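Reviewing the structure listed below.
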Amino acid sequence: MNTDGQAVKTGRGPLGKHDIAALIARDIPQGSYVNLGIGQPTLVADHLPADSGVVLHTENGMLHMGPAAQGDEIDPDLTNAGKIPVTELPGAAYFHHADSFAMMRGGHLDICVLGAFQVSAAGDLANWHTGAPDAIPAVGGAMDLAIGAKKVFVMMTLFTKTGTPKLVPECGYPLTGLGCVDRVYTDLAVFDITPQGVEVRETFGIGVDELAGRLDLPLQPAGV
């Protein structure tokens, strides 16, 4: 965002998943306690600076998770909630699954990063079921994270493979949480969900006017 509060068009885009993860890592305040949801959000761990002081929490019972494990680092008993092998950082701690959920539900996490099928203009989140007859429901920790974390960031592509927007006026899929999303990171733009509406913080390879033409909801530059 520039000094006038206008959304910045960077001239590059759409972003890849690692680029989006790097943006999220950039915006996580130093020393935060953070949970990374299953799927693409786990990539954020690979982009946090070594001196960030960010403590990563996993719902299967670990604090101070490090980046994904590679090669000889892989320990089959050391995984995140998505069963991805991970590393541990100095001071890492392990605990019961129930204690991990108590941390989530008790408001002890500063930020969670979740994937989504849809996010509404009001910040409603739909990320566990598309309603398709052959879809596998995935009810889990996201519901606890969505209401327990102090801030909820969403990481997703802005459109489906068929070009349908995922940022929508109202969610058409079963909801994970109501009014819980604070910010949405996508391949084409970053959005803040505010009481005044959806604000565009920055765009990637697309202008705000063109972006508004592809979405069925009003957009405004951040800070206006």
Side-chain angles (χ1 to χ4, degrees), residues 1-28 36-44 47 111-135 138 142 146 151-224:
M1 192 170 62
N2 67 19
T3 55
D4 296 323
Q6 299 297 308
V8 174
K9 179 179 176 181
T10 67
R12 60 187 178 93
L15 300 184
K17 58 187 179 182
H18 277 281
D19 295 317
I20 303 172
L23 284 179
I24 297 171
R26 173 200 69 183
D27 290 347
I28 294 175
L36 304 177
I38 293 172
Q40 291 191 13
T42 61
L43 298 176
V44 174
H47 295 276
I111 295 171
C112 71
V113 184
L114 299 172
F117 295 130
Q118 289 179 328
V119 175
S120 79
D124 301 332
L125 172 67
N127 80 339
W128 68 276
H129 198 354
T130 63
D134 59 345
K151 286 189 176 182
V152 177
F153 291 171
V154 164
M155 176 181 179
M156 67 180 190
T157 56
L158 187 54
F159 298 94
T160 67
K161 292 179 180 178
T162 60
T164 303
K166 295 184 183 179
L167 184 60
V168 294
E170 295 183 4
C171 292
Y173 295 147
L175 293 181
T176 304
L178 286 168
C180 58
V181 177
D182 296 283
R183 187 173 293 170
V184 182
Y185 292 83
T186 77
D187 52 336
L188 293 174
V190 178
F191 305 90
D192 280 337
I193 308 297
T194 77
Q196 292 74 41
V198 179
E199 297 183 348
V200 185
R201 292 183 60 85
E202 52 189 319
T203 67
F204 313 109
I206 187 172
V208 175
D209 290 342
E210 182 182 352
L211 194 60
R214 297 183 61 185
L215 297 172
D216 188 24
L217 46 80
L219 301 175
Q220 55 188 350
V224 174

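Atoms considered below: every heavy atom in the structure, side chains included; atoms not considered: hydrogens, waters and symmetry mates. What you see is a predicted model, and the numbers here were worked out from it, not measured in a lab.
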Smallest separation among heavy atoms of [X] and [Y], with atom names:
X      : Y      : result
Gln196 : Gln220 : O-NE2, 3.2 Å
Ala121 : Ile193 : O-CG2, 3.4 Å
His18  : His47  : ND1-NE2, 3.0 Å
Ser120 : Cys171 : N-SG, 3.6 Å
Pro41  : Gly115 : CG-N, 3.6 Å
Trp128 : Leu175 : NE1-O, 3.3 Å

If we check side-chain contact (heavy atoms from CB on, under 4.5 Å) with [X], which of these qualifies: [options]?
X      : options                : value
Leu15  : Val190, Ile20, Leu188  : Ile20
Tyr173 : His129, Lys166, Gln118 : Gln118
Pro165 : Val119, Leu217, Leu215 : Leu215
Val154 : Leu167, Val113, Leu125 : Leu125

Checking side chain to side chain contact (heavy atoms under 4.5 Å, CB included) for the pair Leu114/Thr176: CA distance, chi angles, key distance, verdict?
CA-CA 11 Å; Leu114 299 172; Thr176 304; 5.7 Å; no
Distance (rounded to the nearest 0.5 Å) between [X] [atom1] and [Y] [atom2]:
X      : Y      : atom1 : atom2 : value
Leu43  : Met155 : CG    : CE    : 5.5 Å
Asp187 : Phe159 : CG    : CZ    : 8.5 Å
Arg183 : Leu23  : CZ    : CG    : 10.5 Å
Leu36  : Ile28  : CG    : CD1   : 6.5 Å
Arg214 : Asp209 : CZ    : CG    : 14.0 Å
Asp192 : Arg201 : CG    : CZ    : 5.0 Å

Taking the side chain as C-beta and beyond, is there a heavy-atom pair between Leu211 and Leu158 under 4.5 Å?
yes
Any side-chain heavy atom of Glu202 sitting closer than 4.5 Å to one from Phe204?
yes
In sequence, state the C-alpha distance, the side-chain angles, and the governing distance for Met156 and Val184, and then conclude on side chain to side chain contact (heavy atoms under 4.5 Å, CB included).
CA-CA 8 Å; Met156 67 180 190; Val184 182; 3.7 Å; yes
Check for a donor-acceptor pair, side chain of Asp124 on one end and backbone N or O of Gly179 on the other, with a separation under 3.5 Å.
yes
Taking Asp182 for the side chain and Val152 for the main chain, is one N or O donor matched with an acceptor at less than 3.5 Å?
yes
Please test Asp27 against Tyr185 for side chain to side chain contact (heavy atoms under 4.5 Å, CB included), starting from the C-alpha separation and ending with a verdict.
CA-CA 11 Å; Asp27 290 347; Tyr185 292 83; 2.7 Å; yes
